[in-house]
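What follows is a single structure, written as structure tokens, with notes after it.
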Amino acid sequence: QVQVAESGGGSVEAGGSLRLSCAASGFTLSNYYMGWFRQAPGKGREGVACISIRSITYYGDSVRGRFTISRDNAKRTLYLQMNSLKPEDTAMYYCAANPPLGGGCNPSLGAEFRYRGQGTQVTVSS
């Protein structure tokens, strides 16, 4: 059974950093498209970052240059390093996974992927 579980959220001041982790089970991490998306209260899902099966990375315009997606296949873990955080980054962050034939990173960057976790809250204060 494909499962992903996020951790690492929290509260931080603007300009600070956080690293989110996503533990994967029930599938081979390197064989899936993996992404992060976020959702703020009253807003729709926003794709944040995605890493393809070939390890090509994609980022949303609002986070490019500040966030970095990576994965450790041996640890079965996906990461999102978030630097220079802004109050507008406040949201619930979700890890998402898509099988090889389920569609690539674009255009949703994970927001429409088949499997997702329960989310981890990130709050950035000004």
Side-chain angles (χ1 to χ4, degrees):
Q1 182 180 2
V2 173
Q3 290 186 322
V4 292
E6 307 89 343
S7 62
S11 297
V12 64
E13 292 186 352
S17 298
L18 282 173
R19 188 177 79 158
L20 305 183
S21 298
C22 171
S25 61
F27 65 103
T28 301
L29 187 64
S30 59
N31 290 346
Y32 273 55
Y33 293 92
M34 299 298 298
W36 291 95
F37 70 92
R38 65 189 182 187
Q39 188 164 21
K43 296 187 177 181
R45 297 179 189 178
E46 177 189 7
V48 172
C50 184
I51 183 166
S52 75
I53 293 172
R54 295 185 177 184
S55 298
I56 299 171
T57 56
Y58 302 85
Y59 297 93
D61 290 341
S62 62
V63 307
R64 188 176 293 110
R66 300 187 296 122
F67 291 11
T68 302
I69 187 172
S70 62
R71 64 183 173 207
D72 186 326
N73 295 328
K75 294 183 178 179
R76 305 171 67 92
T77 303
L78 178 76
Y79 301 101
L80 184 68
Q81 178 67 43
M82 305 186 295
N83 298 329
S84 302
L85 282 161
K86 305 175 181 180
E88 51 264 44
D89 294 319
T90 295
M92 187 72 80
Y93 282 71
Y94 298 87
C95 171
N98 232 21
L101 300 181
C105 281
N106 292 315
S108 78
L109 300 183
E112 301 299 327
F113 280 9
R114 180 173 178 179
Y115 304 100
R116 65 180 184 271
Q118 295 298 310
T120 186
Q121 178 67 37
V122 172
T123 302
V124 184
S125 59
S126 58

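In this text the structure is predicted, and so the values were computed from the model without any measurement.
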| query | Could you give the distance from OG (Ser30) to CZ (Arg76), rounded to the nearest 0.5 Å? | reply |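 With rounding to 0.5 Å, OG (Ser30) is 9.5 Å from CZ (Arg76).
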
| said: Nearest 0.5 angstrom please: Ser7 OG to Arg19 CZ, how far? | reply: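 The distance works out to 9.0 Å.
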
What heavy-atom pair brings [X] and [Y] nearest, and what distance separates the two atoms?
X: Tyr33; Y: Phe113; value: O-CE2, 3.5 Å
X: Met34; Y: Ala97; value: SD-CB, 3.5 Å
X: Gln81; Y: Ser17; value: NE2-CB, 4.0 Å
X: Val122; Y: Leu18; value: CG1-CD1, 3.9 Å
X: Pro87; Y: Ser125; value: CG-C, 4.5 Å
X: Thr120; Y: Leu20; value: CG2-CD2, 3.9 Å

| field | Among Arg45, Arg38, Gln121, side chain to side chain contact (heavy atoms under 4.5 Å, CB included) partner for Met92 | value |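 The single option meeting the side chain to side chain contact (heavy atoms under 4.5 Å, CB included) with Met92 is Gln121.
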
| query | Between Tyr59 and Ile69, does a side-chain contact (heavy atoms from CB on, under 4.5 Å) hold up when you go through it step by step? | reply | CA-CA 9 Å; Tyr59 297 93; Ile69 187 172; 3.5 Å; yes

| task | Could you verify whether a donor N or O on one side chain and an acceptor N or O on the other, from Ser62 and Glu88, lie under 3.5 Å apart? | result |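 Checked: Ser62/Glu88 side chains show no N/O donor-acceptor pair below 3.5 Å.
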
Can you tell if the side chain of [X] reaches within under 4.5 Å of the side chain of [Y], non-hydrogen atoms only?
X: Val4; Y: Leu78; value: no
X: Tyr32; Y: Tyr115; value: yes
X: Arg66; Y: Asp89; value: yes
X: Tyr93; Y: Glu6; value: no
X: Arg71; Y: Ser55; value: yes

Are [X] and [Y] grouped together when hydrophobic residues (ILVMFWY) are joined by side-chain heavy atoms under 4.5 angstrom apart?
X: Met82; Y: Val124; answer: yes
X: Ile51; Y: Leu29; answer: yes
X: Phe67; Y: Val12; answer: yes

[X] side chain vs [Y] backbone, donor-acceptor pair below 3.5 Å:
X: Thr123; Y: Thr90; answer: no
X: Trp36; Y: Tyr79; answer: yes
X: Asn98; Y: Arg114; answer: yes

| query | Do Asp61 and Arg64 meet the salt-bridge criterion of a basic N to acidic O distance under 4.0 Å? | reply |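 Answer for the salt bridge query: yes.
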
| query | Relative to each other, are the rings of Phe37 and Tyr94 parallel, tilted or perpendicular (30° and 60° limits)? | reply |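 Phe37 and Tyr94: parallel rings.
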
| task | Mark yes when over 12 heavy atoms from residues, nucleotides or ligands other than Arg116 sit less than 6.0 Å from its CZ; otherwise mark no. | result |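 No, not enclosed.
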
